[in-house]
Amino acid sequence: MQGSTKIQIQDVVAPIDRRLYGAFIEQLGRAVYTGIYQPDHPTADSDGFRTDVIDAIKTLNVPLIRYPGGNFLSQYRWEDGIGPKSQRPVRLDLAWRELETNQFGLHEFMRWADKVNAVPNMAVNLGTRGIQAAADLIEYCNFPKGTYLSDLRRQNGAEHPFAIKTWCLGNEMDGPWEIGAKSAGEYAHLANETAKAMRRVDDTLELVACGSSSMDNPTFGNWEETVLDACYDNVDYLSLHRYYGYYNDDDPTELDNFLGKNHDLDDFIKGVVAMCDAVKARKRSTKTINLSFDEWNVWYHSNDADTQVTPWQVGPHLLEDIYNFEDALLIGSLLMTLLRNADRVKIACLAQLVNVIAPIMTDENGGVWRQSIFYPFMQVANYGQGVVLTDHSTSPTYNSREFTDVAYLDTVTTYDAATQTVTVFAENKHQTETLDFELNFGELMIDRLLDATQFYGYDVKADNRDDHMQLQPLPARTDTHHAHTKLQPLSWNVLRFKLRD
Ligand code: AHR
């Protein structure tokens, strides 16, 4: 089987906003407690943060982290998580039916995010709360000094404003499971009024309105248009959430269909972009609303186990999906789809980051291990820099139960002018055939192949609990204007080239 790509550095889809490689930490399960925060752990620093987990996150190079939820957000009182820890209340978290001790809150998150080199993507509760609590939170975080709430922040140890720029206006407010779920009209009105008040406190904010929490929700479409009709002038982004897996009666051996699910992601993005632009046209606006894909991942492995978890524990084992090799292949493909839509998707958050549907896990022996999905995410987040180039690839295709014309060769190329580096991400979705991959650089001259790796050869249902998965060298030939390699069946591959100046 043969496939090719043509690399044209003038032919650009969009500059890459590095926030595309964001992630998510929710006060849920063991994400915070025994995940990122564990004061009695041997590697804990003076703040109680696990430095072994910090090191693993730094390897992923995550630039932005969404916090504190998620469903947790919709009943959260942010004031519970500030001030002396001994005086913080223990609360019932109705979203996940856990006990929340509030030993980790706003100040702890800000200190921790700084240590992992990420900026926050914070959120205000529009489930059980509203305008006043949101405006108060902005005052507490971003107002310099001289008011009750800004001085309270200073008294709690943060002399300088946190200057948090990006905020979500609630979470999944269309979802019947959400505490305080709303109709589109109710949410649209509340989000707009809240946005207005938040902007009065700080007019530099970037605000994300809730879009649909799934394309399958019956309100999808109507929700987006109603929300944007009301909020267009006061928000900057519309959110999308999507998870993949083998659900309900799906046949778990239907790998060709599973690996085609990036088509669903692409359709979802293009559909929401169309709705944003339809409202823009209707309003005769010059402003463009971009997308924040602030939850995406595979999520299904832990669903049955989660029904057995005893309620009202602190940091229970919830949503602890153990990912296998086919999940890593899908994650690679989803990442490439996000990149191909980088003209409109400016923020995206892998949901989540530690222990809860996460690339990084902590275990009962105090160790840290990396899931299969860690590897494609790490490579794209580290090497997908600069601009995304227009796709000029050729590939044989297949049809699956849900998708047509799925390319066996799924590939995207990025180009970083600062370092004169071209990076090609490429996946072979064929289950048995090797793909001869020809890279044509046209007039461009290759100085050298910096490195080439492949991730392949594992049983699709194998996971990485024993840490046996690793990237391997990918043999490749280059001449001045071409490169050639063979992509193994079911493989994720990355080739990085330095161009001649
Ligand atoms: O990421 C897990 C959950 O998925 C989040 O809390 C919620 O927003 C979504 O339904």
Side-chain angles (χ1 to χ4, degrees), residues 22-33 35-36 62 64-76 92-98 100 104 109 121-128 167-182 187 191 208-220 223 227 237-245 247 265 268 291-307 309 311 315-323 327 331 334 347-361 371 373 377:
F24 177 28
I25 286 284
E26 177 167 4
Q27 303 249 157
L28 156 59
R30 298 192 308 118
V32 171
Y33 304 111
I36 65 175
V62 174
L64 166 139
I65 298 177
R66 183 167 176 255
Y67 173 84
N71 296 344
F72 171 81
L73 171 74
S74 294
Q75 190 226 346
Y76 182 50
L92 296 183
D93 160 18
L94 300 187
W96 301 104
R97 305 191 75 221
E98 300 176 30
E100 175 53 61
F104 187 96
F109 177 72
N121 176 3
M122 205 63 78
V124 298
N125 171 358
L126 294 188
T128 57
W167 293 82
C168 300
L169 296 163
N171 177 71
E172 296 196 344
M173 299 306 308
D174 63 324
W177 55 85
E178 198 75 7
I179 301 291
K182 310 234 167 341
Y187 172 71
V208 185
C210 288
S212 292
S213 49
S214 162
M215 204 163 59
D216 303 327
N217 277 13
T219 52
F220 173 60
W223 178 277
V227 169
Y237 301 94
L238 190 65
S239 77
L240 300 83
H241 291 181
R242 194 76 170 145
Y243 292 97
Y244 295 102
Y247 298 124
L265 186 80
F268 190 15
L291 308 191
S292 174
F293 213 121
D294 52 30
E295 288 186 31
W296 67 274
N297 202 346
V298 170
W299 173 16
Y300 76 102
H301 298 281
S302 59
N303 289 355
D304 288 342
D306 287 347
T307 61
V309 174
H317 290 264
L318 271 174
L319 278 68
E320 297 202 7
D321 272 40
I322 303 300
Y323 292 113
D327 297 329
I331 292 296
L334 297 176
I347 302 174
C349 302
L350 178 70
Q352 298 192 12
L353 185 55
V354 180
N355 286 338
V356 170
I357 42 174
I360 297 168
M361 301 295 286
Q371 298 238 40
I373 63 169
F377 189 91

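Counting starts at 1 for both ligands and their atoms, following the listed order.
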Do Y244 and D327 pass the side-chain contact (heavy atoms from CB on, under 4.5 Å) test, and can you show the C-alpha distance, the side-chain angles, and the key distance before you say yes or no?
CA-CA 9 Å; Y244 295 102; D327 297 329; over 6 Å; no
Any chance you could lay out the side-chain contact (heavy atoms from CB on, under 4.5 Å) test for L28 and F72, step after step, and finish with the verdict?
CA-CA 7 Å; L28 156 59; F72 171 81; 5.5 Å; no
Minimal heavy-atom distance between V124 and W167, with the atoms involved, is CG1-CE3, 3.9 Å
Under the side-chain contact (heavy atoms from CB on, under 4.5 Å) rule, what do N71 and I179 come out as? Steps first, then yes or no, please.
CA-CA 8 Å; N71 296 344; I179 301 291; over 6 Å; no
Side-chain donor/acceptor of D306 to backbone N/O of L318, under 3.5 Å:
no
Within the structure provided, determine whether E295 and N171 are in side-chain contact (heavy-atom separation under 4.5 Å).
yes
Set of residues that line ligand 1, where lining means a heavy atom lies under 4.0 Å from it
F24, E26, G70, N71, W96, N171, E172, Y243, E295, W299, L319, Q352, I357
